[in-house]
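Here is the structure we will look at.
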Amino acid sequence: MTDSDYKATLERAHTTTKGMTEGKNANYIPFLASVDPSLFGLAIVTVAGDVYESGDSRYEFALESISKVFTMALALEDIGQEVFHRKVGADPTGLPFNSVMALEMHDDMPLTPLVNAGAMSSTSVLTAKDSDERWARILDVQSRFAGRKIELSDEVNNSEQSTNAHNRAIAWLLYSGGAMYADPMEVCEVYTRQCSTLVNTVDLAVMGATLAAGGVNPVTGKRVVTAANVPHMLAEMVMEGLYTKSGDWAYNVGLPGKSGVGGGLVAVAPGKLAIAGFSPPLDAAGNSVRAQAAIAQIADELKLGLYRVPGLG
Ligand code: GLN
């Protein structure tokens, strides 16, 4: 693949999918409802650190649930993959990302770090003397994945914290089930902050490319996560990265992915590259409609799907 092949593939995907009108902005977080729905950015970052971008790729948006992946990375570093597996789990819930029923069906255990319950559980297992340190460590790991200093948006954070009753209820259920490993309200507050940081589409592709490169950020050259932990993260992204659409995504695209209700979506082709997309309108499961379509097209053109049999198409 030459530079111009990557650029042409990105431009083609942007052109074919930008006219899609399906989906709508998340509206249960007031700030997200106010973002321009026509925004659309795409980026590819390779494991060599080459960056390709198209459209509104420098527009900053809320990271939201994609943050769950980076908190998982830190949790794996802190407590090890075996303990993490036991405390948080690794199975898909088959239910929406904020489902209370999923907890009720499983003794208030979260099953996976990539739904709200498991994400708060992951936040709670981090080594930290207080919630300031917990938050500082999360912001630091997000920054190391992105290769630049990531910051909190007070506007997004205030909007989320003031409409966060449902997540607080989940935090207490986790506590009652024994899967909340620090003060539930402090953890919920930090979890909500970790969702309220701003990234652009290129940042998101760099974050994904860090996983594609086995845990080394290809732009800074610095190791962010132990190589042996990366497959556990990618497996979770396959199982639960797009919530109740994770199966459809695996079937159609065949790459680990993670979405956020801010409109971001990142897909990882291990050993090769990451593709990121951002556009606010979401499908019913909470995944960006345009980003899914564009990334699917790019993955298909570049033959990136993990389940393809090499040499046989
Ligand atoms: N902050 C959001 C929430 O907790 C994140 C959800 C998401 O992106 N799926 O509801």
Side-chain angles (χ1 to χ4, degrees), residues 23-35 60-72 92-103 110-124 135 138-139 142 150 152-174 180 184-199 201 204 207-208 236-237 239-246 249 257-267 276-289 291-292:
K24 43 183 203 325
N25 287 34
N27 59 10
Y28 73 101
I29 298 168
F31 174 86
L32 298 180
S34 72
V35 180
E60 295 197 339
F61 57 90
L63 186 60
E64 298 299 340
S65 277
I66 305 167
S67 69
K68 293 165 177 167
V69 173
F70 312 114
T71 299
M72 178 187 184
T93 67
L95 287 162
F97 60 78
N98 60 357
S99 175
V100 168
M101 193 158 69
L103 283 170
L111 298 194
T112 163
L114 299 188
V115 296
N116 293 12
M120 285 191 268
S121 213
S122 307
T123 301
S124 80
W135 165 237
I138 289 174
L139 197 56
Q142 288 187 7
I150 296 300
L152 180 74
S153 160
D154 288 327
E155 200 182 359
V156 177
N157 187 43
N158 292 340
S159 183
E160 296 213 22
Q161 301 282 2
S162 60
T163 53
N164 210 19
H166 191 91
N167 282 336
R168 286 194 202 109
I170 290 174
W172 280 117
L173 282 174
L174 287 168
M180 174 55 80
M185 291 302 93
E186 280 183 20
V187 167
C188 187
E189 205 261 345
V190 171
Y191 159 77
T192 305
R193 279 170 171 251
Q194 77 181 39
C195 294
S196 305
T197 55
L198 295 181
V199 294
T201 313
L204 193 53
M207 293 166 114
E236 273 315 284
M237 290 166 73
M239 299 313 298
E240 189 63 41
L242 281 82
Y243 306 115
T244 49
K245 289 285 173 197
S246 303
W249 180 256
K258 185 72 204 87
S259 66
V261 291
L265 174 64
V266 61
F278 156 68
S279 194
L282 309 176
D283 66 13
N287 308 308
S288 170
V289 172
Q292 283 180 87

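Order of appearance sets the numbers: ligands from 1, and atoms from 1 within every ligand. Computed over heavy atoms, backbone and side chain alike; hydrogens, waters and symmetry mates excluded.
For Cys195, no nitrogen or oxygen atom sits less than 3.5 Å from a nitrogen or oxygen atom of ligand 1, counting backbone and side chain alike. For ligand 1, none of its N or O atoms has an N or O atom of Lys68 under 3.5 Å away. Of the polar atoms of Tyr191, at least one N or O is found under 3.5 Å from an N or O of ligand 1, judged by distance alone.
For ligand 1 and Gly260, the ligand atoms under 4.0 Å from any heavy atom of the residue are 8 (O). Every atom of ligand 1 is numbered from 1 in the order shown, and the set under 4.0 Å from a heavy atom of Tyr243 is 7 (C), 9 (N). Numbered from 1 in the order shown, with element, the atoms of ligand 1 that lie under 4.0 Å from a heavy atom of Asn167 read 3 (C), 4 (O), 10 (O). Atoms of ligand 1 lying under 4.0 Å from any heavy atom of Glu64, numbered from 1 in the order shown and given with element: 1 (N), 2 (C), 5 (C), 8 (O).
In this structure, Asn98 falls outside the shell of residues with a heavy atom less than 4.0 angstrom from ligand 1.
Of all the heavy atoms in Ile150 and Leu139, the pair that sits closest is O-CD1, 3.3 Å. Between Gly286 and Val261, the closest heavy-atom pair is O-CG1, 4.0 Å. Taking all atoms of both residues into account, the shortest heavy-atom contact from Ile29 to Ser159 is CG2-OG, 3.8 Å. Scanning both residues, Lys245 and Asp283, for their nearest heavy atoms gives CG-OD2, 3.8 Å.
Under the 30°/60° scheme for interplanar angles, the aromatic rings of Phe278 and Phe61 are found to lie parallel.
With a 4.0 Å cut-off on non-hydrogen atoms, Val261 touches ligand 1 through its backbone as well as its side chain. Residue contacts with ligand 1 for Glu160 involve side-chain atoms from C-beta outward but no N, CA, C or O (heavy atoms, distance under 4.0 Å).
Side-chain polar atoms of Gln142 and Ser67 form no donor-acceptor pair below 3.5 angstrom. With hydrogens and angles left out, the side-chain atoms of Asn116 and Tyr191 include a donor and acceptor closer than 3.5 Å.
The main-chain N or O of Ser153 is never found under 3.5 Å from a side-chain atom of Asn157 such that the two would form a donor-acceptor pair.
In the candidate list Ala26, Ser196, Ser65, Ser65 is nearest to atom 5 (C) of ligand 1, counting heavy atoms.
Looking only at protein heavy atoms, the nearest one to atom 10 (O) of ligand 1 is Tyr28 OH, 2.6 Å.
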